Amino acid sequence: MRFDWLLRESGNIASLFWWHVGLSVIPVIAALILSLPLGWLAHKSGRFKSAILGVAGLLYTIPSLALFVLLPLVLHTKILDPLNVVVALTVYSLALLVRTVSDGLGAVPPDTLQAATAMGYRSFQRFFMVELPIAVPVIAAGLRVALVSNVSIVSVAALIGTPQLGLLFTQGLQLRFVTPLIAGIVLCLLLAVVLDGLVMLLNRWLTPWRPRKV
């Protein structure tokens with residue numbers, strides 16, 4: 001382990017780290033916004049629910065490297081454009097979160113929905129003020145999976161030259177130098193733990209009525 005190399009390259013490593021943060025988090029935020037109406041549609045679609053969730057699940061089976069290479073042709077972007085990675089990871093996150101949102105809404109007790117209707121909540125109001133808050137713990141669990149998955153998948157984009165921590169892996173492999181490999185692994189693990197913890201804190205903040213473990 002060469003600590004002098006880490007010190008010398010600290011600025012570059014920090015830049016790659018923040019690129020990794022952005023490429024991991026932005027797609028999840030975009031996917032969450034898109035998954036709310038799609039998850040609600042799946043939840044309300046009855047016998048078509050399995051078909052909608054099945055299609056969403058198939059999106060996750062697309063090989064990431066193939067998607068990174070094909071998207072420039074579809075989006076008319078350059079191969080190194082980070083937008084390709086953002087769109088690809090949004091697709092993967094959406095595949096996870098549509099099912100999560102649907103399951104979260106399905107976990108809302110029917111008595112709660114009936115009580116909200118009796119109190120005069122319209123469908124739109126009931127969704128945002130009753131159903132969605134109750135579904136937060138389930139959605140948060142899906143967000144944790146999506147974020148941790150993205151932290152890992154983003155590294156694959158190093159093969160097409162997109163700046164992020166995965167470049168440390170390719171650099172270490174090319175130079176047969178273990179220090180950047182270890183640095184990349186440690187920073188990815190640290191980022192995954194921090195993002196996971198932030199989602200857990202957000203979940204606690206949005207659900208103050210839930211009992212807390214002592």
Side-chain angles (χ1 to χ4, degrees), residues 17-18 20-60 86-154 187-214:
F17 177 80
W18 289 115
H20 206 103
V21 172
L23 293 174
S24 299
V25 174
I26 292 174
V28 174
I29 295 174
L32 178 61
I33 295 172
L34 294 172
S35 67
L36 290 178
L38 291 175
W40 176 85
L41 179 63
H43 171 62
K44 294 293 186 180
S45 60
R47 60 182 179 178
F48 296 107
K49 177 179 178 179
S50 297
I52 295 173
L53 297 182
V55 171
L58 284 175
L59 295 176
Y60 203 78
V86 171
V87 172
L89 294 183
T90 299
V91 170
Y92 288 134
S93 300
L94 184 64
L96 291 172
L97 293 178
V98 168
R99 178 177 291 275
T100 297
V101 171
S102 178
D103 291 344
L105 296 175
V108 179
D111 292 345
T112 301
L113 298 178
Q114 293 174 6
T117 302
M119 292 174 64
Y121 285 98
R122 298 181 182 274
S123 179
F124 184 80
Q125 293 174 313
R126 190 179 67 180
F127 174 74
F128 282 101
M129 299 180 69
V130 179
E131 296 178 72
L132 193 56
I134 294 176
V136 162
V138 178
I139 296 174
L143 283 175
R144 294 172 64 186
V145 174
L147 281 169
V148 172
S149 297
N150 277 6
V151 170
S152 176
I153 297 174
V154 166
L187 288 174
C188 283
L189 289 174
L190 178 63
L191 177 58
V193 170
V194 170
L195 292 178
D196 186 69
L198 288 175
V199 173
M200 292 176 65
L201 289 175
L202 181 63
N203 178 35
R204 290 173 63 91
W205 178 66
L206 292 175
T207 57
W209 62 84
R210 299 187 70 212
R212 307 302 181 192
K213 295 181 180 179
V214 180

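Keep in mind that what you see is a predicted model, and the values were worked out from it rather than measured.
In this structure Ser93 satisfies the side chain to side chain donor-acceptor pair (under 3.5 Å) test together with Asn150, sequence neighbours excluded.
Closest approach of Val101 and Ser35 over heavy atoms only: CG2-OG, 3.6 Å. Residues Gly120 and Gln125 come closest through the heavy atom pair O-OE1, 4.0 Å. Scanning both residues, Ser102 and Lys49, for their nearest heavy atoms gives OG-CE, 3.2 Å.
Atom CG of Leu191 and atom CG of Leu187 lie 8.5 Å apart (nearest 0.5 Å). Once rounded to the nearest 0.5 Å, the distance linking CG of Leu105 with CG of Leu41 reads 11.5 Å. We find the NZ-CZ distance between Lys44 and Phe127 to be 9.5 Å, quoted to the nearest 0.5 Å. In this structure, Thr100 OG1 and Leu32 CG are separated by 10.0 Å, a value rounded to the nearest 0.5 Å. Note that the CG atom of Leu38 and the NE2 atom of His43 stand 14.5 Å from one another [nearest 0.5 Å]. Here the CD1-CD1 distance, from Ile33 to Ile29, works out to 7.5 Å after rounding to the nearest 0.5 Å.
Listed by first and then second residue, the ring-ring contact (aromatic ring centres under 6.0 Å, His included) pairs involving residues 91-119 are Tyr60-Tyr92 (not counting sequence neighbours).
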Show the atom names and distances, to 0.1 Å, of all donor-acceptor pairs under 3.5 Å that link a side chain in residues 131-145 to residues at least two apart or in another chain.
unit_1: Glu131; atom_1: OE2; unit_2: Arg126; atom_2: NE; d: 3.4
unit_1: Arg144; atom_1: NE; unit_2: Asp196; atom_2: OD1; d: 2.6
unit_1: Arg144; atom_1: NH2; unit_2: Asp196; atom_2: OD1; d: 3.4
unit_1: Arg144; atom_1: NH2; unit_2: Asp196; atom_2: OD2; d: 3.1

| request: Take Ile52 and Ser45, measure what side chain to side chain contact (heavy atoms under 4.5 Å, CB included) needs, and give me the verdict at the end. | output: CA-CA 9 Å; Ile52 295 173; Ser45 60; 3.6 Å; yes
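Using a 4.5 Å heavy-atom threshold, the side chains of Val151 and Leu147 count as separate.
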